Amino acid sequence: MERSKRTTTAAVIFLAVFHEVGVIGLNLDWTRDIFVQLVPLNLILSAAALAYFHRQWTLNFGIFCFAVFWAGYLVEIVGVQTSLIFGPYHYDIALGPKIGGAPPLIGLNWLILVYISNIISQRLIPNIWLQATIGAALLVMMDVFIEPMAIRFDFWTWDTETARIPIRNYLAWYVIGWVMSFGFHSLQQEKTNDLAGPLYVIQLLFFVSFMVVS
């Protein structure tokens, strides 16, 4: 179902304001702890908004979303338990309860980022291989800006000697993201969402802002 331009504009404004309030709240000492606890709400709200504005729900697309959620979550469990995929790290408190060392909400984060990155990439070029390549690149670019904010606010911590982010983290994000992106573009159906591009920009600016004000 196609949403009206007015409804889409209202949703974009709401999400932009919601994220801006989050930037302010996380940067004030007396509200920081409260806003860290609201991080899961931000993820759930963003996912719900994307689901509402997605134009064509089919069984295959539902299965794809289910698979990306669980693949993202399970790869994080393996990553935490073995340190072989992304490097040595552990999750802290911000993303909620952990099962197997990783919070289930991280699967939702993977799904959101794969979705919005590839809604954008499919508009840029018609070739499926290049769409997946660009989608994975957009995914990694977002992670580059997520990492400093995530470490600062107890999303996760890198257990390296210098606490620096290993290069293999970004390589793993790209490889995993490429496979998920290729799966997205392999679905032979309309995948349109007027909220996806604006949400990508909103989230990117959200994470970049913490590098500016830190």
Side-chain angles (χ1 to χ4, degrees), residues 36-37 39-51 54 57-119 121 128 131-147 149-151 153-160 165-187 189 191 193 196 199-200 203 207:
V36 167
Q37 294 176 33
V39 168
L41 176 62
N42 183 24
L43 278 174
I44 294 169
L45 190 64
S46 296
L50 288 171
H54 182 78
W57 281 100
T58 64
L59 177 60
N60 284 343
F61 191 75
I63 292 172
F64 169 79
C65 291
F66 182 83
V68 170
F69 174 92
W70 281 103
Y73 174 45
L74 293 174
V75 79
E76 295 285 351
I77 291 178
V78 174
V80 167
Q81 298 293 342
T82 68
S83 301
L84 295 177
I85 300 176
F86 305 101
Y89 70 109
H90 67 270
Y91 279 96
D92 294 309
I93 61 172
L95 292 178
K98 295 177 284 187
I99 301 175
L105 272 179
I106 197 63
L108 188 60
N109 186 59
W110 272 98
L111 176 57
I112 290 171
L113 294 181
V114 167
Y115 181 86
I116 60 179
S117 296
N118 287 285
I119 287 289
S121 71
I128 186 174
Q131 286 174 338
T133 300
I134 294 171
L138 289 171
L139 193 71
V140 173
M141 184 173 73
M142 183 72 81
D143 185 51
V144 168
F145 293 104
I146 289 176
E147 291 289 346
M149 183 267 190
I151 295 167
F153 295 109
D154 297 324
F155 285 39
W156 54 77
T157 299
W158 289 98
D159 300 321
T160 55
I165 305 159
I167 294 298
R168 63 172 153 159
N169 170 66
Y170 300 115
L171 294 175
W173 264 73
Y174 187 84
V175 172
I176 296 167
W178 193 94
V179 173
M180 292 177 174
S181 297
F182 188 80
F184 177 93
H185 297 294
S186 295
L187 293 171
Q189 67 171 80
K191 299 181 287 295
N193 193 318
L199 182 59
Y200 184 95
Q203 290 201 347
F207 294 118

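Predicted model only: the values in this text are computed from it and were never measured.
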Working to the nearest 0.5 angstrom, can you tell me the gap between [X] [atom1] and [Y] [atom2]?
| X | Y | atom1 | atom2 | answer |
| --- | --- | --- | --- | --- |
| L111 | L105 | CG | CG | 11.5 Å |
| F182 | Q131 | CZ | CD | 10.0 Å |
| E76 | Y89 | CD | OH | 3.5 Å |
| I176 | L171 | CD1 | CG | 10.5 Å |
| I77 | T82 | CD1 | OG1 | 11.5 Å |
| D143 | L138 | CG | CG | 13.0 Å |

**OP:** Could you walk me through whether Q203 and I116 pass side chain to side chain contact (heavy atoms under 4.5 Å, CB included), step by step?
**Re:** CA-CA 10 Å; Q203 290 201 347; I116 60 179; 4.2 Å; yes

Subject >> Y115 and N193: CA distance, side-chain angles, deciding distance, side-chain hydrogen bond (donor to acceptor under 3.5 Å, both in side chains) verdict >> reply: CA-CA 10 Å; Y115 181 86; N193 193 318; 2.9 Å; yes

Original post:
According to the interplanar angle, ranging from 0 to 90°, do the rings of Y73 and F69 count as parallel (below 30°), tilted (30 to 60°) or perpendicular (above 60°)?
Top reply: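 Ring orientation of Y73 relative to F69: tilted.
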
Original post:
Any side-chain heavy atom of F155 sitting closer than 4.5 Å to one from M149?
Top reply: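 Yes, at least one pair of side-chain atoms sits under 4.5 Å.
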
Subject >> pair I119-L50: side-chain heavy atoms closer than 4.5 Å >> reply: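 Side chain of I119 against side chain of L50, heavy atoms only: no contact under 4.5 Å found.
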
[X]: side-chain hydrogen bond (donor to acceptor under 3.5 Å, both in side chains) partners, not counting sequence neighbours:
| X | value |
| --- | --- |
| Q189 | T58 |
| S181 | N118 |
| T157 | D92 |

Shortest non-hydrogen contact from [X] to [Y]?
| X | Y | answer |
| --- | --- | --- |
| F64 | F184 | CE1-N, 3.4 Å |
| Y200 | S117 | CE1-OG, 3.7 Å |
| M180 | A71 | CE-CB, 3.9 Å |
| L95 | P103 | O-CB, 3.5 Å |

Subject >> Intermediate values then yes/no, side chain to side chain contact (heavy atoms under 4.5 Å, CB included), V75 and F86 >> reply: CA-CA 9 Å; V75 79; F86 305 101; 4.2 Å; yes

**OP:** Any chance you could lay out the side chain to side chain contact (heavy atoms under 4.5 Å, CB included) test for F153 and V39, step after step, and finish with the verdict?
**Re:** CA-CA 10 Å; F153 295 109; V39 168; over 6 Å; no

Original post:
So among L41, N109, I112, L108, which one has a side-chain contact (heavy atoms from CB on, under 4.5 Å) with S46?
Top reply: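 By the side-chain contact (heavy atoms from CB on, under 4.5 Å) criterion, S46 pairs with just one of L41, N109, I112, L108: I112.
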
**OP:** Apply side chain to side chain contact (heavy atoms under 4.5 Å, CB included) to W178 and T133, showing your working.
**Re:** CA-CA 6 Å; W178 193 94; T133 300; 3.2 Å; yes

**OP:** I would like to know whether W110 and W173 meet ring pair (Phe, Tyr, Trp, His ring centres under 6.0 Å); could you show each step before the answer?
**Re:** CA-CA 10 Å; W110 272 98; W173 264 73; 4.4 Å; yes

Original post:
For A51, does its backbone N or O pair with a side-chain atom of W57 as donor and acceptor, under 3.5 Å?
Top reply: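 The answer is yes, because a donor-acceptor pair under 3.5 Å joins these two groups.
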
